[in-house]
4 protein chains.
Amino acid sequence: MALQVVSKVEVPELVEKRRGQILKAAIELYGRQGYHVTTIREVAHRAKVSVGLIYQYVADKEDVLFLALVEVLDSYLREIPLALEGLTDPMERFCAAVHAYGRVIDARIDATLLVYRETKSLGRPRRELLKAREIQSNQLISDAIEACVRAGLFDAVDVEMLTYMIVMFCHAWALKSWRFRGRLTIDAYLDRGLKLMLEPVVTPSGRRGFLAVASRPAAAPGPATKARKPRRPA
Amino acid sequence: MALQVVSKVEVPELVEKRRGQILKAAIELYGRQGYHVTTIREVAHRAKVSVGLIYQYVADKEDVLFLALVEVLDSYLREIPLALEGLTDPMERFCAAVHAYGRVIDARIDATLLVYRETKSLGRPRRELLKAREIQSNQLISDAIEACVRAGLFDAVDVEMLTYMIVMFCHAWALKSWRFRGRLTIDAYLDRGLKLMLEPVVTPSGRRGFLAVASRPAAAPGPATKARKPRRPA
Amino acid sequence: MALQVVSKVEVPELVEKRRGQILKAAIELYGRQGYHVTTIREVAHRAKVSVGLIYQYVADKEDVLFLALVEVLDSYLREIPLALEGLTDPMERFCAAVHAYGRVIDARIDATLLVYRETKSLGRPRRELLKAREIQSNQLISDAIEACVRAGLFDAVDVEMLTYMIVMFCHAWALKSWRFRGRLTIDAYLDRGLKLMLEPVVTPSGRRGFLAVASRPAAAPGPATKARKPRRPA
Amino acid sequence: MALQVVSKVEVPELVEKRRGQILKAAIELYGRQGYHVTTIREVAHRAKVSVGLIYQYVADKEDVLFLALVEVLDSYLREIPLALEGLTDPMERFCAAVHAYGRVIDARIDATLLVYRETKSLGRPRRELLKAREIQSNQLISDAIEACVRAGLFDAVDVEMLTYMIVMFCHAWALKSWRFRGRLTIDAYLDRGLKLMLEPVVTPSGRRGFLAVASRPAAAPGPATKARKPRRPA
DNA sequence: GATGAATGAGCGTTCATTCAT
DNA sequence: GATGAATGAACGCTCATTCAT
């Protein structure tokens with residue numbers, strides 16, 4: 001199938017390791033310079049392997065792009081659940097999810113833009129697979145929203161639309177990074193946005209929890225955010 | 001300067017006409033297939049001119065991209081003021097501006113995505129020029145917001161942030177068109193979004209006007225929106 | 001015939017005038033940058049005419065080269081007899097001829113090199129024509145030599161070989177101009193060379209005349225030679 | 001530096017071998033047709049390699065020209081010392097040097113002309129390097145002259161001027177090959193020229209040696225000269 | 001007669017991909 | 001499994017030449 005990326009090498013650990021090297025290099029280079037402008041030679045060089053080796057783990061230059069984009073999307077899918085571990089309060093979980101999402105994006109702005117810029121360079125079926133991955137991320141957010149609704153913390157809302165707006169707002173941090181970067185931390189940015197978006201949604205009973213969560217210092221800073229300014233309560 | 005695109009032909013009308021042909025073809029092709037994948041030969045062919053002719057009006061392939069992106073951004077700057085002509089009520093003007101913005105985007109989804117995808121392929125100074133163009137569009141929206149604030153229709157708000165959210169929301173129609181396209185018209189999409197975003201912002205006195213404007217059928221459908229389904233009141 | 005350069009314009013004075021403009025520009029540009037590197041556009045620009053005009057007086061880019069080379073060679077054929085006018089003494093005529101030759105070359109070093117560099121770019125028959133022109137120049141020199149021989153001023157010599165050496169010596173001023181230029185004037189250069197070459201050739205009776213002619217200051221400096229240092233008698 | 005020609009392949013033997021192939025083809029083609037008229041494809045074809053391969057050993061077309069010209073000049077520098085090996089008599093060495101020079105030129109007339117025709121196509125620094133190479137060749141000749149002077153075989157002469165004349169005379173064999181080729185061998189040509197040029201220079205004591213050397217049949221014909229006619233003693 | 005916009009063949013160069021070692 | 005030299009299709013771009021005005 002066009003979806004499969006075939007490797008001439010069989011040993012799974014080797015495939016994992018080599019592809020890891022290659023993709024790391026590729027994501028950096030594609031993210032910085034763009035996919036089409038980056039040559040396989042450059043990727044090989046940066047990954048400290050030979051050109052030939054790449055073609056043992058991948059059939060195509062396009063395969064590299066595909067794997068790279070999948071890897072970026074997967075990193076979102078790994079990070080968000082990680083941030084949720086141990087949290088039980090729905091409001092807390094919701095906020096944690098959004099912040100986790102924002103932070104992965106902030107940590108890899110170029111990679112995020114890469115997804116936006118180069119998804120179209122892929123064939124139809126692979127684009128669909130990527131879309132599915134994105135929907136999975138969204139699901140993590142909308143699950144958190146629905147939990148809040150069920151817990152009576154949010155009004156009954158158009159969950160899909162709200163999810164969509166939140167996700168777009170997170171992505172916008174990367175898409176328009178020149179606008180707020182340097183002036184705001186990702187966390188401050190998210191809090192301001194959430195407050196605006198949730199105002200009409202949070203129930204009176206949810207409001208306390210929301211305020212508490214939103215205004216407390218970020219629980220786990222993570223390596224993603226370098227500077228952190230005190231968030232000013234709206 | 002790197003910003004200037006020089007033409008070997010002097011006659012301004014000819015430059016206008018030929019560049020028009022070339023850019024139309026380029027925007028279509030770049031929008032559909034991507035910039036790097038599209039050859040100058042393809043552009044020439046689609047514009048029904050010879051390869052050589054393109055190079056009489058442009059110094060290199062990157063110039064074509066630059067002019068294409070400028071043209072797309074300029075079309076926004078042309079359309080929004082057009083939609084405002086004759087309108088005096090601030091609320092009406094605000095809504096008209098947003099809907100006009102949304103409609104140009106809807107009319108040229110691929111072109112909008114093109115801007116997102118390929119701006120990075122340009123050199124620094126040209127990227128800055130494009131950013132300036134975008135800020136001009138945003139200004140049109142934020143002016144409309146401020147007028148509403150002055151008229152007491154909106155609360156005093158963080159105008160910059162609100163503008164930003166609205167703009168991103170419009171762009172999102174293109175960026176995530178697969179999500180709502182076919183299920184919603186651009187106007188319905190905008191109304192739903194605006195309602196969500198403005199809820200905490202509109203003053204009681206503004207509310208009547210807002211509802212009136214937002215729920216009436218789109219005044220001038222324009223050529224942008226093909227299908228139009230009745231908007232369901234939220 | 002391939003030798004003919006056809007003009008679309010009939011009026012001979014016009015052809016003369018226009019070709020003059022074109023060739024002046026062409027010789028300058030070809031001489032400085034080389035024939036292949038120079039575009040017809042550049043020639044047109046420098047000649048202050050349009051590209052199209054050139055093609056009314058010439059069929060080909062190669063035609064321009066051909067005419068240019070002919071013009072250079074013809075200028076030699078014009079200058080040498082001019083310098084001989086009024087002179088009757090064979091020895092004087094001989095020296096005048098050589099110096100005249102040297103001076104045209106000095107005056108148009110680039111043009112002379114052009115002939116060496118680009119003759120091969122022409123088709124066979126035209127190359128032959130050029131060769132014939134060169135032989136005509138040589139004839140002027142060898143005629144002068146033979147007159148000296150007949151007058152008993154030179155021994156009976158291998159006239160052909162001597163002519164050849166003198167001609168090459170003149171050309172060498174252009175071919176290796178970096179070697180003596182600035183250190184010697186063309187006249188000093190010629191005198192030194194002639195003395196060396198003629199030593200075994202001049203008869204005792206010729207010697208007085210030779211010394212007299214060779215060591216007197218150049219009769220007509222001409223515009224060609226800028227600096228002029230007193231020739232040191234060998 | 002602009003002087004260096006960089007190769008993407010590191011292995012020195014391979015570089016040597018491949019460049020050898022490429023340059024052989026290039027010198028032949030450039031020599032026959034001219035540099036600008038010859039395409040890289042033609043060179044590749046004649047060298048029996050692919051176009052791409054050339055660009056692994058050279059950065060651009062101009063590099064090929066540069067290496068070609070250097071190779072031609074170097075072949076002079078290799079051949080002359082070779083012809084001197086084992087010879088001790090200054091007069092013998094002088095004649096051997098000149099004949100060796102003449103023979104390499106005769107063996108590669110087109111290559112010699114190539115140097116004259118295309119040196120100007122190179123950038124300044126490379127042109128200087130070539131000039132330096134030529135001066136090295138000249139040095140070999142002038143060293144031989146000076147040895148003769150020291151041995152009392154030549155009068156004290158303007159060594160520089162004499163060297164220059166001899167060198168030009170050798171080059172002239174190529175530059176004006178149409179004149180004597182077929183009628184004279186290179187050796188006969190050289191002997192005649194030398195006799196003329198050296199007449200006023202050779203001392204009585206040197207004369208015997210000179211005549212002996214000059215009129216004996218060429219010691220080592222070498223592969224350079226194909227036809228050989230008996231030299232007629234002057 | 002003169003112009004210069006338009007054409008398109010053809011060149012230099014790149015780079016994804018292969019395959020002998 | 002890994003290497004990197006070799007290939008050649010294909011692209012961006014130039015420029016001699018034409019021809020409508």
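Proteins come first, then strands; the chains are lettered A, B, ... in the order of their sequence lines, and each starts at number 1.
Across all their heavy atoms, Arg32(D) and Lys120(C) have their closest contact at O-NZ, 3.9 Å. Between Ala47(C) and Ile22(C), the closest heavy-atom pair is CB-CA, 4.1 Å. For the residue pair Ser7(B) and Val9(B), the shortest heavy atom distance occurs at OG-O, 2.8 Å. In terms of heavy-atom proximity, Leu14(B) sits nearest to Tyr57(B) at CG-OH, 3.6 Å. Closest non-hydrogen pair, His36(C) versus Lys61(C), comes out as O-NZ, 3.6 Å.
Residue-to-nucleotide proximity on DNA chain F shows that, of Val11(A) and Val37(B), the 5′-proximal contact is made by Val11(A). Between Gly52(B) and Gly52(C), it is Gly52(B) whose nearest contact on DNA chain F lies nearer the 5' terminus.
Considering only side-chain N and O atoms, Arg18(B) lies under 4.0 angstrom from the phosphate OP1 or OP2 of dA6(E). In this structure, Tyr57(B) does not reach the dA5(E) phosphate: none of its side-chain N or O atoms is under 4.0 Å from OP1 or OP2. Of the side-chain N and O atoms in Tyr55(B), none sit less than 4.0 angstrom from OP1 or OP2 of dT14(F).
Nucleotide dC15(E) holds its C1' atom 9 Å from the NZ atom of Lys8(D), rounded to whole Å. Per the geometry, CZ belonging to Arg41(C) stands 8 Å off P belonging to dA5(E), to the nearest Å. Rounded to an integer number of Å, the gap from CD1 of Ile54(D) to P of dC15(E) is 18 Å. Look at NE2 on His45(C): it is 19 Å from P on dA2(E), rounded to the nearest Å.
Nearest nucleotide to the side chain of Ser50(B), out of dG8(E), dA5(E), dA16(E): dG8(E). Side-chain atoms of Thr39(C) lie closest to dA16(F) of the nucleotides dT3(E), dA16(F), dT13(E). Comparing atom distances between the Leu53(A) side chain and each of dA5(E), dT3(F), dA16(E) picks out dT3(F) as nearest. In this structure, the nucleotide among dC13(F), dA5(E), dT3(E) sitting nearest to the side chain of Lys61(B) is dC13(F). For Val51(B), counting side-chain heavy atoms from C-beta on, the closest listed nucleotide (dA2(F), dC13(F), dG12(E)) is dC13(F).
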Pairing string, 5' to 3', for DNA chain E - Watson-Crick or wobble contacts under 3.5 Å, brackets [ ] where pairs cross, | to another strand: .||||||||||||||||||||
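Within 6.0 Å of NZ in Lys24(A) there are 12 or fewer heavy atoms belonging to other residues, nucleotides or ligands.
Atoms CZ and CG, from Arg133(C) and Leu69(C) in turn, are 11.0 Å apart once rounded to the nearest 0.5 Å.
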